[in-house]
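Single-structure report; data block below.
Predicted model, so just to flag it, every value in this text is computed and none were measured. Residues take their numbers from the sequence shown, with the count starting at 1.
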Amino acid sequence: MTPSPPSPHGSDPKATKAPRDPRDPKKIPAEKAAVRKSVTEKTAAEKTVAETATGKKAAGKKAAEKKTAAAGKAVTKKAVTAKTTTKKAVASAVAKKAVAKKAVAGKAVAAKRSVAREAPPAGPLEVALSPALDADDRERLLHGTHHQPHAVLGAHPAPGGIVFRAFRPYARSVAVVTGDLRAELHDDGDGFFSGLLPLREVPAYRLVVAYEDTVQETEDPYRFLPTLGDLDLHLIGEGRHEELWTVLGAHPLTHQGVAGTRFCVWAPNARAVRLAGAFNFWDGIGYPMRSLGSSGVWELFVPGIGEGELYKFDITRPDGSRTQRADPMARRTETPPATSSVVEASHYEWGDEEWLARRGERPAHEAPLSIYEVHLPSWRPGLTYRQLAEQLPAYVRELGFTHVELMPIAEHPFGGSWGYQVTGFYAPTARLGTPDDFRFLVDALHRAGIGVLMDWVPAHFPRDDWALAEFDGRTLYEHEDPLRAAHPDWGTLEFDYGRREVRNFLVANAVYWCEEFHIDGLRVDAVASMLYLDYSREPGQWTPNEHGGRENLDAVAFLQEMNATVYRRVPGVVTIAEESTAWDGVTRATHHRGPSGFGGLGFGLKWNMGWMHDSLEYMSHEPVYRRYHHGEMTFSMVYAYSENYVLPISHDEVVHGKKSLVSKMPGDWWQQRANLRAYLAYMWAHPGKQLLFMGQEFAQGAEWSEEHGPDWWLLDPAYGAEADHRGVRELVGDLNSVYRSTPALWERDTSADGFAWVVGDAADDNVLAFLRRDADGTPLLAVSHFSPVVRHDYRLGVPDDIPAWYEVLNTDAGRYGGSDVFHPDPVKPEPQPWHGHPASIRLTLPPLSTVWLRPA
């Protein structure tokens with residue numbers, strides 16, 4: 001229950017400021033000793049208690065209500081007149097329960113005034129009326145517009161001692177406790193409490209706060225120094241803090257010997273920021289944060305707050321309106337549709353040291369890389385991260401993929417976006433568990449020998465009014481130009497890559513996932529929409545850059561910085577661009593300039609969208625018409641070495657009416673599966689890395705849906721056509737097994753010396769044949785035949801230095817569901833030149849198939 005606020009009372013304007021003590025400072029220690037002595041005298045103490053009680057009753061009846069000129073509002077003051085030679089006004093002593101029979105008498109202090117004071121007395125301490133809060137400070141604290149609450153709240157030296165001020169709305173009373181000393185503060189109204197204690201230094205103290213139905217003893221957040229240093233603030237201001245997540249956001253820690261949580265947020269346009277959470281009933285009035293100068297950072301250390309607490313930032317906008325926002329740097333969130341941030345600290349102990357030590361032995365473009373793309377929430381609907389860790393690594397390892405690629409893991413409010421509209425860039429989605437649970441899944445995949453890539457979305461963010469959009473009342477993360485800010489395709493907002501703090505937010509985020517979660521690579525989504533100012537925009541809807549061009553120079557600089565930083569800090573990782581245009585130098589080093597004048601973007605790999613579109617278009621035609629589209633299968637080799645490529649059959653190709661992969665194929669059910677098997681083997685043999693979306697590995701006939709995931713029932717032995725689907729899955733496993741053990745298929749993916757056509761113009765036969773070679777020159781012969789007939793004695797040219805070839809993979813094998821036309825014995829070359837080679841072999845080409853042969 002939230003306590004009710006106290007009723008305001010009048011105050012004595014003459015008691016708003018303590019009079020200056022005219023005594024000799026040298027005598028103060030002696031007076032303290034006298035006070036301590038008087039406390040130990042039982043009769044004096046008992047007399048004091050009686051006088052104090054009488055004084056309270058008299059003060060309650062006689063105190064006059066007057067307006068204080070300084071505060072401008074009614075505040076409560078209770079005066080007790082002590083019989084002293086200076087007639088100094090002092091506050092009544094309030095006894096603490098544990099020391100209810102001890103008191104400090106005003107008479108005792110007056111009688112011993114010529115004796116100097118020592119340490120503060122034990123037990124209740126007399127509290128003088130402190131200087132009232134300035135009216136402006138008071139109003140700004142009440143209305144959430146104060147940028148320096150620590151300057152007026154907490155404990156501060158003042159004439160006559162130390163002034164204590166607390167702002168505790170709804171409290172009935174507040175007392176200060178330090179050591180054995182307890183002092184009741186005066187109720188100044190509206191939740192303000194204050195008092196002047198005769199101390200020489202600010203002590204370590206706690207507050208005892210009494211509400212209507214409870215009493216809490218707590219630390220005062222406003223007694224602590226800032227938790228961020230000058231170096232951190234300098235790096236934030238420069239946009240160069242590569243570990244931004246360690247300073248912004250919520251961090252449980254011990255500060256000045258006290259356990260609590262540091263809250264920091266960047267909100268440079270805010271008039272003020274307050275902290276709201278479950279711990280204060282989502283009312284941030286009593287938790288104003290302080291501004292750390294020109295950095296735009298607001299900070300508050302809250303003692304006693306730990307892991308699992310829910311919170312948001314209550315921001316006062318420049319126009320005076322207020323908004324509660326989730327923490328942009330939150331490392332954990334509530335489960336959607338709830339939107340609060342959660343205080344988080346990792347306690348996970350990794351077990352993947354061996355994986356991390358060897359993952360950088362080969363650069364990605366020279367290593368085997370076959371990727372299984374997964375939408376975790378729907379792969380096995382209902383499973384958590386830890387439950388997925390029991391099933392996913394084993395399944396992927398059985399299929400032989402080297403990596404999984406996880407569709408966006410960062411928190412997002414709408415599941416139907418598949419994670420591509422992110423609101424929590426630093427938090428794994430809470431739908432499947434905690435951040436440490438996600439670490440457990442990554443660790444399990446690594447221990448199974450499987451790398452982990454994740455989709456990363458720095459191109460845009462949604463407009464939700466509790467997230468990043470106009471975060472502090474003005475454009476902040478988005479571009480200030482509305483035409484530049486609004487993404488034309490998705491109804492979202494684009495980041496302002498020209499603002500150094502925003503660039504820092506994103507660069508540090510890329511590093512964060514790699515360092516904190518041991519992610520092995522980032523597939524960067526929608527790069528093309530970042531690179532071009534006119535992306536999906538009509539004339540008049542965009543403004544050229546400073547050179548009159550259409551390139552987004554800020555985005556180029558951001559991508560270069562991100563890639564350079566990630567590769568420098570995290571050895572062995574790879575960044576992959578989903579870039580659908582012919583931008584020059586996507587995978588070129590950032591310091592190497594190309595013909596366009598730009599340095600490379602610095603990615604390790606790039607999705608080959610051209611190959612994907614062309615090859616799927618070819619396969620969709622009936623075999624009788626494929627002769628007219630033969631160039632769609634050969635054109636990719638014209639530009640195959642312009643970048644380091646990944647060949648993607650991703651989720652985008654099996655949704656929204658595009659059909660599943662097997663359903664794109666023409667013919668009856670047997671021919672559809674045969675086409676699919678032949679196409680997959682052609683894809684695995686083509687220069688570039690491979691990516692296949694979940695469900696396509698067993699020829700799922702339906703499009704993917706995030707609501708129910710893959711149709712696993714197709715692999716149920718009780719299902720009549722189970723063998724058809726299992727045969728395709730077995731082929732995928734064998735493709736990966738042979739691929740990983742054959743360096744010719746991956747070692748020279750980016751070198752023209754690693755590929756040679758045997759025959760690329762056999763359009764009438766629907767035949768494609770080529771050689772792949774490893775670094776030592778050892779070849780593999782791949783032959784794809786995309787007609788539904790058997791071709792006997794089909795002659796192909798080969799090198800003359802190979803004594804025999806043997807079949808290592810045939811997609812027409814009976815166990816895959818094919819017609820089982822194969823070559824059981826090694827095939828020996830004949831000395832007849834063919835296709836420009838000095839020798840040739842004769843093969844029987846199975847229908848709708850791909851065959852791989854290696855030297856015997």
Side-chain angles (χ1 to χ4, degrees), residues 370-373 399 401 607-627 629-637 640 645-650 652-654 658-701 724-725 727-736 738-739 745 760 762-763 765-770 772 782-789 809-813 816-819 845-852:
S370 60
I371 305 165
Y372 184 61
E373 187 187 23
L399 286 174
F401 286 97
W607 273 21
N608 193 335
M609 309 293 280
W611 170 89
M612 180 268 296
H613 286 298
D614 289 346
S615 62
L616 289 180
E617 181 68 20
Y618 174 87
M619 295 302 300
S620 69
H621 294 294
E622 292 284 350
V624 68
Y625 300 117
R626 284 175 176 167
R627 68 179 67 185
H629 300 273
H630 196 75
E632 292 171 354
M633 293 295 266
T634 59
F635 180 66
S636 60
M637 293 311 303
Y645 283 116
V646 173
L647 311 179
I649 301 298
S650 73
D652 275 332
E653 310 317 314
V654 296
K658 296 180 182 178
K659 302 180 182 180
S660 70
L661 188 56
V662 71
S663 297
K664 296 176 189 290
M665 306 299 165
D668 59 21
W669 176 231
W670 189 94
Q671 289 186 352
Q672 283 183 310
R673 289 182 291 118
N675 273 301
L676 173 61
R677 295 192 303 267
Y679 177 71
L680 290 175
Y682 162 77
M683 170 182 171
W684 255 251
H686 191 284
K689 313 308 179 182
Q690 297 78 39
L691 179 143
L692 189 65
F693 183 60
M694 65 184 194
Q696 312 315 302
E697 76 274 15
F698 57 83
Q700 174 175 312
D724 295 344
H725 297 279
V728 175
R729 199 184 79 163
E730 289 208 10
L731 169 66
V732 171
D734 288 348
L735 284 172
N736 278 321
V738 177
Y739 169 79
L745 291 173
D765 300 332
N766 295 345
V767 171
L768 296 163
F770 51 84
R772 298 293 310 278
V783 185
S784 293
H785 176 221
F786 293 113
S787 288
V789 296
L809 185 136
N810 185 331
T811 65
D812 191 52
Y816 302 145
S819 59
L845 301 185
L848 298 173
S849 64
T850 294
V851 178
W852 291 355

Geometric class of the Trp611/His686 ring pair [parallel <30°, tilted 30-60°, perpendicular >60°]: tilted
Closest approach of Gly695 to Tyr372 (non-hydrogen atoms, all atoms of both residues): N-OH, 4.2 Å
Leu768 and His630, any side-chain heavy atoms less than 4.5 Å apart: yes
Shortest non-hydrogen contact between Arg673 and Gly817, atoms and distance: NH1-O, 3.9 Å
Pair Asn766-Ser787, side-chain donor/acceptor within less than 3.5 Å: yes
Where Pro648 and Asn608 come nearest, the two heavy atoms and their spacing: CD-O, 3.6 Å
Rounded distance (nearest 0.5 Å) linking atom OH of Tyr816 with atom CD of Glu730: 7.5 Å
Gap between atom CG of Asp668 and atom CD of Gln672 - 0.5 Å precision: 7.5 Å
From Leu661 atom CG to Asn675 atom CG, the distance as rounded to the nearest 0.5 Å: 10.5 Å
Minimum side-chain heavy-atom gap Gln690-Val646 below 4.5 Å: no
Donor-acceptor under 3.5 Å (Lys664 side chain, Lys658 main chain): yes
Sidechain-backbone polar pair: Arg772 side chain, Ala685 backbone, donor-acceptor under 3.5 Å: yes
Donor-acceptor under 3.5 Å (Lys659 side chain, Gly701 main chain): no
Nearest atoms (heavy-atom pairs only) where Ser370 meets Asn736: OG-OD1, 2.9 Å
Output field: ring centroids Tyr618/Phe786 closer than 6.0 Å: yes
Reported OG1-to-NE2 distance for the pair Thr850 and His785, which is rounded to 0.5 angstrom: 10.5 Å
Check: His725 ring centroid to Trp669 ring centroid under 6.0 Å: yes
Pairwise distance NE2(His621) to CG(Leu616) - rounded to 0.5 angstrom: 11.0 Å
Check against side chain to side chain donor-acceptor pair (under 3.5 Å), Tyr679 and Ser615: CA-CA 9 Å; Tyr679 177 71; Ser615 62; 2.7 Å; yes
